[in-house]
*Asks:* 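Got a structure for you, questions after.
Throughout, a chain's letter reflects where its sequence line sits, starting with A, and its residues are numbered from 1.
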Amino acid sequence: MPPTFDEIVASLTDAQREAVTQTDGPMLVLAGPGSGKTRVITCRIANLIHQGVRSHQILAITFTNKAAAEMKQRVAAMMPDQRIWISTFHSLGVRLLRQYADRLGLDRNFTIYDQSDRVGVVKAALKSAAIDVTRFTPETIQGAISKAKNKLLLPHQFEKQANDYFSQVVAQIYPVYEKKMRDANAVDFDDLLMWPALALTKDEEMRAELDARFRYVLVDEYQDTNKAQYEIARGLTIDHPNLCVVGDPDQSIYRWRGAELRNILDFERDYPNARVILLEENFRSTKAILRVADHLIAHNKKRKPKTLYTAKDEGSKVGALLFETGLEEADLVAQRIRQAVEAGKRHYRDFAILLRINALSRALESAFTRQRIPYQLVRGVAFFERKENRDVLAYLRLLLNPKDDLSFVRAVNEPARGIGKTSLEHLQKYAEPRELSLLAAAEHVDKIPAIRGKAVTGLKAFALMMAELRGVLEATPDEVMRQVIDRTGYRRMLKESDNPEDQERLANVEELITAAHQFHAEDESRTIADFLENITLASDVDGFDEKQDCVAVMTLHAAKGLEFPVVHMMALEQGILPHERSLMRDEELEEERRLAFVGITRAQEELYLSYARMREFRGQTLYAVPSMFLEELPQDGIETSDLSSSGGRTSPAVNTWRGSTAGASKGWYDTGFSDPKASREHERPEDDAPTGYEVGVMVHHDVYGVGCITEVSGQAALRKIKIRFSSGERSFLAAKAKLAIVQPT
DNA sequence: ATCCAGTACGTTTTT
DNA sequence: CGTACTGGAT
């Protein structure tokens, strides 16, 4: 029997209850980590409904789709059958843009470009504006445009305040970029916030309409809102200032993305009669963990101090673990996890490994695979970023939005249709002055004399095929996907390829059909367009499934809002955490410290901070300097163990390396020995005695059938090979496995 | 037009 | 170390 609403309210602390029951007027909830923030928000929503507020008058905004889904579920548990609008800022933006498309001068079928699409647009803009900048990468320029948009600066406004050379270059490209976006009927992530924000500040009629519609607005993770998001929240709550924002300045980790800590710090200025509630009691972590977190974050100067406390036990000491190398770190952390599970103390799902950068996950993946430890890498969108999947999705995007030139270029010659670089350039030259999309130009290919031969028939066939496929769009998402894969020839291309990697690509593309099917099965009203939108707006954590019994591996950013019994934070080394690019500026360094704080406060019972003496980086092994944050922890609160293979015997004191070489500022020191590849070269006599087992060779196994070798490692008796069968990947000792090489026919 | 091999290049974090 | 792009050969 679930508790009644009254029982739930009764179980809240005084501060929490006040945040839940004071529903009218502006409210700022400063919620420390683990202080029951989500509980407060969901109870507040439930309470509003309890008081008779209509569910469609409530808008709750979260940071990720996962958080939104969770919140919906928790509200539904208390107040069933209510349809409350809970979404991310970006999803809200999409809905507003589609709803008010006419008013904003947008076509309703716009495509949402992700960052890699945007880089493509910048490249195209550079090309068509004939600007040749070798000094700045398209990525950097894209980043600057993104920043401008976060600040709600349109091209002409940006130009006015472009003082340095870089900004002036960006100012030249920004309007071209915008033109291309409009021509392609595309919007980027920032547009999803910028357009609604500008509309709310400029179109009073629209603003008042929306303000009246959303009587109660709640914003989670308010410390991470940027100017555009601020204006959206503000614009919706002028006539009905029932805005409740929840956040923690100490957990602000998106400054680089335009987040303005000022938004939360100045809330009381914007809403002078705001009620401020502090949630300082932590219900998540042990005293030992909380003390470490508190001590660390106290080193930030630009900060409002607050006291964190918990009624929980002291718990075990926080462990600082030193390893010899990054590889050992991964191996031994994996081993510790496995031993705890095998001893029956823990489940795999109790563990999380938190990393500053994604690149660190490689070593872990290999350690987990070797030790047969189940894990999930929380990097949800990676699957859709594979070339083959992007290709297929490009077809779909082009079908839904024929003006999407970027997708046209991507799809038109994959599989090959004889349309090369020169033909495409001719097509572009024809289309641009005529304000035609590339697809429309392809339909007129007869009028373009410069295009000849195979390219003519190829373009015609492509245009015709797209026209035919457009008729399929009404089918279910999975059926549309299947038709696209089949009728574009994409499946055939992969199937007939003799490159073994293409068989995996085929499997991935087929997985898209399954994904579309599942998407539809969850809610039958969803279309293929919804599917595409969902993919582009998905965040990394969205794919994380805490019910699966495996170790979670993710970045510190992705971990925000989650909690785990045991947390391992890895690579606490200068240059990684804090990241080398933050070392120059105090504000960025403080953000790194907050990032560490977020990581530490994810832990409920046990926390381990690990680092290594040496770390392989970009092919060479460098000495690492322990993170300055380790020195900022209460020394009596942590227990340091040297688990390195040398046991600390041979290593000189870390301090003797400091500040001597050029690498000092970055925190890296050359170890003086060359990269491991060189030494591996010595011990590779196995290449002289070929066994026929090479990557790409097809083999037959008595049990698993035919598979393809994906990896060969080790030598002689220890030579191992990894084989991918249709049933999955398996490793064998080459000497023992009953394998026969299948001769290609 | 296409393919491949060689090189240049860069690497935080993400909706 | 890996990928992405360029320039050469076919």
*Asks:* Regarding A:Asn413, tell me which of base, sugar-phosphate or nothing describes its non-hydrogen contacts under 4.0 Å with the strands shown.
*Replies:* sugar-phosphate
*Asks:* Could you go through nucleotides 2-4 of chain C and list every protein N or O atom that sits under 3.5 Å from one of its N or O atoms, giving the distance for each pair?
*Replies:*
none

*Asks:* Using a heavy-atom cut-off of under 4.0 Å over every strand shown, decide if A:Ala538 touches base, sugar-phosphate, or nothing.
*Replies:* sugar-phosphate
*Asks:* Check every strand shown and say whether A:Asn358 touches a base, only sugar-phosphate, or nothing at a heavy-atom separation below 4.0 Å.
*Replies:*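 Sugar-phosphate contact only.
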*Asks:* Between the side chains of A:Ser146 and A:Asp190, does any donor sit under 3.5 Å from an acceptor?
*Replies:* yes
*Asks:* Quick check: are there more than 12 heavy atoms from other residues, nucleotides or ligands sitting under 6.0 Å from CZ of A:Arg492?
*Replies:*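 For A:Arg492, atom CZ is not crowded (no more than 12 foreign heavy atoms under 6.0 Å).
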*Asks:* Just compare B:dT15, B:dA1, B:dT13 and give me whichever is closest to any side-chain atom of A:His90.
*Replies:*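 Of B:dT15, B:dA1, B:dT13, B:dT15 is nearest to the side chain of A:His90.
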*Asks:* Please name the pair of heavy atoms, one in A:Met614 and one in A:Thr621, separated by the smallest distance, quoted to 0.1 Å.
*Replies:*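 Closest approach of A:Met614 to A:Thr621, heavy atoms only: CB-CG2, 3.7 Å.
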*Asks:* Ring stacking, A:Phe63 with base of B:dT15, under 5.5 Å and under 30°?
*Replies:* no
*Asks:* Does NZ or CZ of A:Arg98 lie under 6.0 Å from the centre of the six-membered ring of A:Phe110, at an angle within 45° of the ring axis?
*Replies:* yes
*Asks:* Does A:Tyr113 have A:Arg118 sitting over its ring (NZ/CZ under 6.0 Å from centre, angle to axis within 45°)?
*Replies:*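 Cation-pi check for A:Arg118 and A:Tyr113: fails.
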*Asks:* Does a side-chain N or O of A:Thr88 approach OP1 or OP2 of B:dT15 to a distance below 4.0 Å, or not?
*Replies:* no
*Asks:* Whole angstrom is fine here: how far is it from CD in A:Glu139 over to P in B:dC9?
*Replies:*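 Taking atom P of B:dC9 as the reference, CD of A:Glu139 is at 13 Å.
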*Asks:* Return whichever of A:Lys421 or A:Tyr254 has its heavy-atom-nearest nucleotide of DNA chain B closer to the 5' end.
*Replies:* A:Lys421
*Asks:* Would you mind reading off the distance between A:Phe89 atom CZ and B:dT15 atom C1', rounded to a whole angstrom?
*Replies:*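 Distance check: A:Phe89 CZ to B:dT15 C1' gives 12 Å.
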*Asks:* Nearest to the side chain of A:Trp256, heavy atoms from C-beta on, is which of B:dA1, B:dT15, B:dT13?
*Replies:* B:dT13
*Asks:* Hey, does A:Ser91 reach any base, or is it just sugar-phosphate, or nothing, if we go heavy atoms under 4.0 Å?
*Replies:*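 No contact.
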*Asks:* Heavy atoms under 4.0 Å, any strand shown: does A:Thr536 hit a base, just sugar-phosphate, or nothing?
*Replies:*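 It contacts nothing in the nucleic acid.
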*Asks:* Using whole Å, what does the distance between atom C1' of nucleotide B:dT2 and atom CD1 of A:Ile419 come to?
*Replies:* 13 Å
*Asks:* Using a cut-off of 4.0 Å on non-hydrogen atoms, how would the nucleic acid contact of A:Gln115 be classed: base, sugar-phosphate, or nothing?
*Replies:*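 If one applies the 4.0 Å heavy-atom cut-off, A:Gln115 turns out to touch a base.
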*Asks:* Expressed in angstrom and rounded to an integer, what is the separation of A:Lys147 atom NZ from B:dT15 atom P?
*Replies:*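 So the NZ-P distance, A:Lys147 to B:dT15, works out to 18 Å.
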*Asks:* May I ask you to say what A:Ala416 touches in the nucleic acid, namely base, sugar-phosphate or nothing, with a heavy-atom cut-off under 4.0 Å?
*Replies:* sugar-phosphate
*Asks:* By nearest heavy atom, map A:Phe189 and A:Ser423 onto DNA chain B; which one lands nearer the 5' end?
*Replies:*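 In this pair, the answer is A:Ser423.
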*Asks:* Between atom CG in A:Leu360 and atom P in C:dC1, what is the gap in whole Å?
*Replies:*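 The answer, rounded to whole Å, is 17 Å.
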*Asks:* Without decimals, in angstroms, what is the distance between A:Leu556 CG and B:dT14 P?
*Replies:*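 Atom-to-atom, A:Leu556 to B:dT14, this comes out as 10 Å.
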*Asks:* Scan A:Gln574, A:Arg593, A:His299 and name whichever one has a side-chain contact (heavy atoms from CB on, under 4.5 Å) with A:Phe629.
*Replies:* A:Arg593
*Asks:* Identify the heavy atoms of A:Val456 and A:Ile451 that sit nearest to each other, and give their distance.
*Replies:* CG2-O, 3.3 Å
*Asks:* Can you check whether A:Thr137 has a side-chain N or O nearer than 4.0 Å to OP1 or OP2 of B:dC9?
*Replies:* no
*Asks:* Give me the distance, rounded to whole Å, that separates B:dT13 from C:dA4 when you measure between the P atoms they each carry.
*Replies:*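 These two P atoms come out 15 Å apart once rounded.
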*Asks:* Report the relative orientation of the aromatic rings in A:Trp256 and A:His557; use parallel for angles under 30°, tilted for 30 to 60°, perpendicular for over 60°.
*Replies:* perpendicular
*Asks:* Can you tell me the distance, in whole Å, between the OH atom of A:Tyr113 and the C1' atom of B:dT15?
*Replies:* 18 Å
*Asks:* Could you tell me the separation between the CD1 atom of A:Ile145 and the P atom of B:dT15, rounded to a whole number of Å?
*Replies:* 21 Å
